[in-house]
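Not measured: the values here are computed from a predicted model. All heavy atoms count here, side chains included; hydrogens, waters and symmetry mates do not.
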Amino acid sequence: MMARISEKYNDSCLKMFSLLKLLMQGEADFKDVISIFADEDDGVISNSHVILNKYLNTLKIFGVKIEKKKNKYYLLNMPFNIDFSTSDVKAVELLRSAADLMASGKNKENILKLIKDIEIRYNESAKTAAEELKGKINIDLSFYYTKFREQIVACERYCQEKQKLELLYLFNNQEYSIICSPKEIKYQSRKVCLSVFNQLTRQIIDIPIDNIKSIKQLPTVSPVQEETTSVVYILKDRLAKSYKLKDWEHSDGYDKDGNLIVVNNDEDFDVLLNRLMKYGKNCTILSPKYLRESMLDLINNTIKNYDN
């Protein structure tokens, strides 16, 4: 008898966890939720409605709130909470304000999803702080985003359609024309950039929207796989131990001198060089050769600023 009760309890726990796992992935269709509670012996779905309500009431007793809207279920809070401070909540509201200014697209969707994932983990004090801050935190970037909104929306569309582009843009007051593949829109330091793959140099370039003079969409679809030029550099001393790899980097381990070997892909070369400059003598580019020379030119030009 005890074995049967234990088996029933285990089955109930598994169903409860399956429901929570499904809801934590986002909105859940009614058919997917109800299937968790289908009678395993005869598959009679009609009996599952009553069972589902019992489980929802059980979760409610433990403080887990679930809402149903138009045949979909939503998790309103997590089984556990995080003690977010008022400063943390302000940061989330600031992020929401920034998202409101962004053009519709993948970036905006990801940010709003992140905000939602954070909010369901609010404790009670964080919920109160969020309610008090609602509508009070705004960032005024309209001077930039309003002016270039049409271009941003167009570039979002180019990235979705994945056709090659003939692009004319300004860099250091000079015009450049390239054939490229659109990758994504990036928001950097109050600038919106179109990230593209240069077909000739095999590198990723982040071009500010306001530097683009013209874009012509070509009938050719970009290849599914485009191999970029990898940049290999080493980090020395304490930096070799403390450096946190970027999402687009991986490590080839340590060399015989204890230097960390980093392989970088898909980062704009100008952005990368400026970042590596901050590491000073603790960083050395190994390859490609022309990027080593570009770094040397950057260092020499910096030194010239102090010759006078």
Side-chain angles (χ1 to χ4, degrees), residues 91 93-112 114-115 137-222 226 228-229 231 246-248 264-278 290-291 294-295 297-298 301-302 305:
E93 292 304 312
L94 187 63
L95 185 60
R96 189 198 311 279
S97 180
D100 289 341
L101 296 171
M102 296 172 66
S104 298
K106 180 181 176 182
N107 287 296
K108 184 171 185 176
E109 290 173 3
N110 288 339
I111 290 176
L112 292 177
L114 172 63
I115 292 172
I137 294 183
N138 293 290
I139 53 176
D140 183 15
L141 297 178
S142 56
F143 66 92
Y144 186 89
Y145 293 102
T146 300
K147 183 178 179 182
F148 297 104
R149 180 167 291 277
E150 289 186 8
Q151 291 94 318
I152 294 171
V153 171
C155 288
E156 287 274 10
R157 188 180 72 253
Y158 293 142
C159 293
Q160 293 171 1
E161 294 174 352
K162 301 184 184 303
Q163 290 176 232
K164 290 183 180 180
L165 304 175
E166 184 178 329
L167 196 148
L168 181 67
Y169 69 100
L170 283 176
F171 181 71
N172 289 338
N173 296 319
Q174 292 187 26
E175 286 191 354
Y176 292 87
S177 179
I178 59 172
I179 302 298
C180 60
S181 300
K183 306 300 289 185
E184 62 179 325
I185 295 294
K186 292 183 179 179
Y187 293 81
Q188 303 172 346
S189 303
R190 296 196 174 189
K191 286 278 188 180
V192 181
C193 297
L194 173 61
S195 183
V196 301
F197 175 76
N198 188 329
Q199 304 286 340
L200 183 61
T201 62
R202 315 299 295 174
Q203 71 177 97
I204 296 294
I205 305 175
D206 297 336
I207 306 172
I209 293 288
D210 45 327
N211 284 359
I212 297 176
K213 306 293 290 183
S214 66
I215 299 178
K216 179 182 178 181
Q217 193 174 40
L218 303 177
T220 311
V221 177
S222 302
E226 292 175 322
T228 56
T229 300
V231 180
K246 310 300 180 186
D247 292 339
W248 51 89
N264 182 294
N265 294 290
D266 295 349
E267 186 169 3
D268 182 287
F269 284 175
D270 292 314
V271 175
L272 174 62
L273 290 180
N274 284 317
R275 179 164 69 84
L276 298 186
M277 276 282 286
K278 298 176 184 178
Y290 67 85
L291 203 63
S294 296
M295 175 63 95
D297 289 340
L298 184 60
N301 289 332
T302 302
N305 293 332

query: Rounded to the nearest 0.5 Å, what separation is found between the CG atom of Asp210 and the SG atom of Cys193?
result: 8.0 Å

task: Applying side-chain contact (heavy atoms from CB on, under 4.5 Å), run through Lys186 and Val192 and close with a yes or a no.
output: CA-CA 6 Å; Lys186 292 183 179 179; Val192 181; over 6 Å; no

field: Exercise: identify the closest heavy-atom pair between Ile178 and Tyr169
entry: CD1-CE2, 4.0 Å

message: If I compare all heavy atoms of Phe171 with all of Tyr176, which pair ends up nearest, and what's the gap?
response: O-CE1, 3.5 Å

field: Distance, nearest 0.5 Å, that separates CD of Gln203 from CG of Leu291
entry: 8.5 Å

- prompt: For Leu218 and Leu165, what are the C-alpha separation, side-chain angles and deciding distance, and is it a side-chain contact (heavy atoms from CB on, under 4.5 Å)?
  reply: CA-CA 6 Å; Leu218 303 177; Leu165 304 175; 6.0 Å; no

- prompt: Is there a donor-acceptor contact under 3.5 Å linking the side chains of Glu166 and Gln217?
  reply: no

task: Step through the shown structure and confirm whether more than 12 heavy atoms of other residues, nucleotides or ligands are within 6.0 Å of CG on Asp247.
output: no

- request: Show the numbers, then the answer: is there a side-chain contact (heavy atoms from CB on, under 4.5 Å) between Leu194 and Ile212?
  value: CA-CA 9 Å; Leu194 173 61; Ile212 297 176; 4.1 Å; yes

- request: Could you tell me whether the side chain of Asn211 and the main chain of Ile207 form a donor-acceptor pair under 3.5 Å?
  value: no

statement: Nearest heavy-atom contact between Cys159 and Ile185 is SG-N, 4.2 Å

message: Rounded to the nearest 0.5 Å, what separates atom CG in Asn274 from atom CG in Asp270?
response: 7.0 Å

field: Any Val221 side-chain heavy atom under 4.5 Å of Lys164 side chain
entry: no

- prompt: For the residue pair Glu267 and Leu272, what are the closest heavy atoms and their distance?
  reply: OE1-CD1, 3.6 Å

message: Nearest 0.5 angstrom please: Ile209 CD1 to Glu150 CD, how far?
response: 12.5 Å

- request: Answer yes or no: is there a side-chain heavy-atom contact under 4.5 Å between Lys246 and Arg275?
  value: yes

- request: Identify the heavy atoms of Gln163 and Pro182 that sit nearest to each other, and give their distance.
  value: O-CD, 3.2 Å

field: Stepwise side-chain contact (heavy atoms from CB on, under 4.5 Å) test for Trp248 and Ile204
entry: CA-CA 12 Å; Trp248 51 89; Ile204 296 294; over 6 Å; no

query: Within a strict 4.5 Å, meaning less than it, do heavy atoms of the Ser294 and Leu273 side chains meet?
result: yes

- prompt: Which value, rounded to the nearest 0.5 Å, describes the distance between Cys155 atom SG and Glu184 atom CD?
  reply: 12.5 Å

query: When you measure from the side chain of Asn198 to the backbone N and O of Leu200, does any donor-acceptor pair fall under 3.5 Å?
result: yes

